[in-house]
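Here the structure comes first, spelled out in structure tokens, and everything after it is commentary.
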Amino acid sequence: MADLTPYEAIGGEAVVAQLTDRFYELMASVPQFAGIRAMHPADLKESRDKLFMFLSGWLGGPDLYVQNIGHPMLRRRHMPFAIGEAERDQWVACMVLAMEEVGIEPAMRQRLLQSFFNTADFMRNREG
Ligand code: HEM
């Protein structure tokens with residue numbers, strides 16, 4: 001297992017797709033995530049497709065975002081949205097639930113949680 005990428009270890013494209021679907025379904029349905037849901041467009045399909053492409057490369061699989069859209073420049077792309085600790089924590093909590101629900105095993109979940117938290121924390125652009 002040690003030399004598998006996270007992408008391979010969690011089950012490849014099918015599981016990354018399930019994870020992304022579940023992430024946005026939870027964001028749209030769990031009241032705790034209403035704050036970040038409201039920042040997104042009414043139709044979440046494009047958000048879902050972009051996150052799927054991004055996570056594919058970020059987890060060590062095909063770099064679909066770069067191939068289809070270009071350099072992610074994630075921090076810059078998040079500047080239009082006011083992201084503080086509350087928004088960061090909602091995003092990460094939503095992803096943790098999605099990881100649990102698609103059955104990513106606890107050790108891998110813990111490892112990915114660290115990386116998701118660091119990336120989400122880097123996106124903060126407002127105090128509080
Ligand atoms: C910290 C809390 C975060 C909030 C509140 C947030 C919110 C948003 C919003 C409102 C959009 C625009 C959606 C759209 O245009 O369809 C977006 C886009 C995106 N987010 Fe986040 N996000 C957060 C963290 C993250 C993290 C941690 C990642 C990656 C691990 C990520 C990856 C993306 C990607 C790939 C896009 C699409 C960028 C584009 O092509 O326009 N976001 N995010």
Side-chain angles (χ1 to χ4, degrees):
M1 286 297 272
D3 48 7
L4 289 184
T5 61
Y7 180 86
E8 292 165 325
I10 68 174
E13 180 181 350
V15 175
V16 178
Q18 284 171 29
L19 178 66
T20 321
D21 287 347
R22 201 61 200 124
F23 175 77
Y24 281 111
E25 285 166 11
L26 288 163
M27 191 192 283
S29 60
V30 177
Q32 180 192 351
F33 309 136
I36 57 171
R37 169 65 186 94
M39 297 175 164
H40 288 74
D43 184 345
L44 288 169
K45 191 187 177 304
E46 253 189 51
S47 312
R48 181 259 171 226
D49 290 347
K50 288 173 179 170
L51 186 62
F52 167 74
M53 290 191 283
F54 177 81
L55 290 183
S56 175
W58 189 81
L59 291 165
D63 217 346
L64 302 176
Y65 190 97
V66 172
Q67 288 164 20
N68 290 287
I69 299 181
H71 192 288
M73 301 180 295
L74 269 198
R75 193 164 195 286
R76 198 203 290 181
R77 290 191 204 267
H78 285 78
M79 277 301 175
F81 314 108
I83 301 179
E85 286 179 8
E87 291 75 22
R88 173 198 67 192
D89 291 346
Q90 283 176 37
W91 198 101
V92 172
C94 188
M95 185 55 80
V96 166
L97 271 186
M99 287 197 290
E100 283 170 14
E101 290 193 12
V102 303
I104 295 175
E105 59 160 58
M108 178 58 74
R109 221 153 65 203
Q110 193 56 36
R111 176 177 158 189
L112 294 178
L113 167 60
Q114 286 296 332
S115 304
F116 277 127
F117 180 86
N118 290 339
T119 305
D121 193 51
F122 176 64
M123 237 64 90
R124 277 193 302 123
N125 51 32
R126 302 288 193 286
E127 286 303 317

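These numbers come from the heavy atoms of this one structure, side chains and all, not from hydrogens, waters or symmetry mates. Order of appearance sets the numbers: ligands from 1, and atoms from 1 within every ligand.
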Number the atoms of ligand 1 from 1 as they appear, then name those within less than 4.0 Å of a heavy atom of A120, with their elements.
1 (C), 27 (C)
Numbering as shown, the atoms of ligand 1 that approach I36 to under 4.0 Å (heavy-atom distance):
5 (C)
For ligand 1, is there an atom lying under 4.0 Å from some heavy atom of F122?
no
Closest to atom 35 (C) of ligand 1 among protein heavy atoms sits F54 CB, 3.5 Å
Without swapping roles, check the side chain of R109 against the backbone of I104 for a donor-acceptor pair under 3.5 Å.
yes
Can you tell me if S56 uses its side chain to pair, donor with acceptor, with the backbone of P62 under 3.5 Å?
yes
Just heavy atoms, cut-off under 4.0 Å: does P41 contact ligand 1 by side chain, backbone, both, or neither?
side chain
Do E87 side-chain atoms and G84 backbone N/O form a donor-acceptor pair below 3.5 Å?
yes
Taking only distance into account, with no hydrogens and no angle test, what donor-acceptor pairs under 3.5 Å do side-chain atoms of residues 27-34 form with protein atoms, sequence neighbours excluded?
{"from": "S29", "atom 1": "OG", "to": "E25", "atom 2": "O", "distance (Å)": "2.8"}

For L97, does its backbone N or O pair with a side-chain atom of E100 as donor and acceptor, under 3.5 Å?
no
Return the orientation label for the F23 and W91 ring planes: parallel under 30°, perpendicular over 60°, tilted otherwise.
tilted
Where does the angle between the aromatic ring planes of Y65 and F54 fall among parallel (under 30°), tilted (30 to 60°) and perpendicular (over 60°)?
perpendicular
Among H40, M73, K50, Q90, the residue with a heavy atom nearest to atom 15 (O) of ligand 1 is K50
Where ligand 1 meets I83 - atom numbers and elements under 4.0 angstrom, heavy-atom basis
1 (C), 2 (C), 3 (C), 4 (C), 5 (C)
Atom indices of ligand 1, in the order listed, that fall short of 4.0 Å to a heavy atom of E87:
2 (C)
Listed protein N/O/S atoms, distance to atom 21 (Fe) of ligand 1 under 2.8 Å
H78 NE2
Search all heavy atoms of R77 against all heavy atoms of I69 and return the closest pair with its distance.
NH2-CG2, 4.0 Å
Using modelled atom types only, decide if a donor and an acceptor are shared between the side chain of R22 and the backbone of M95 within a distance under 3.5 Å.
no
Short side-chain to backbone donor-acceptor contact, D63 and G57, under 3.5 Å:
no
Please classify the Y65 to ligand 1 contact at 4.0 Å (heavy-atom distances, strictly less than): side chain, backbone, both or neither.
side chain
Which of the atoms of ligand 1 are close to M39, meaning less than 4.0 Å from one of its heavy atoms?
5 (C), 10 (C)
D121 side-chain N/O to F117 backbone N/O, donor-acceptor pair under 3.5 Å:
no
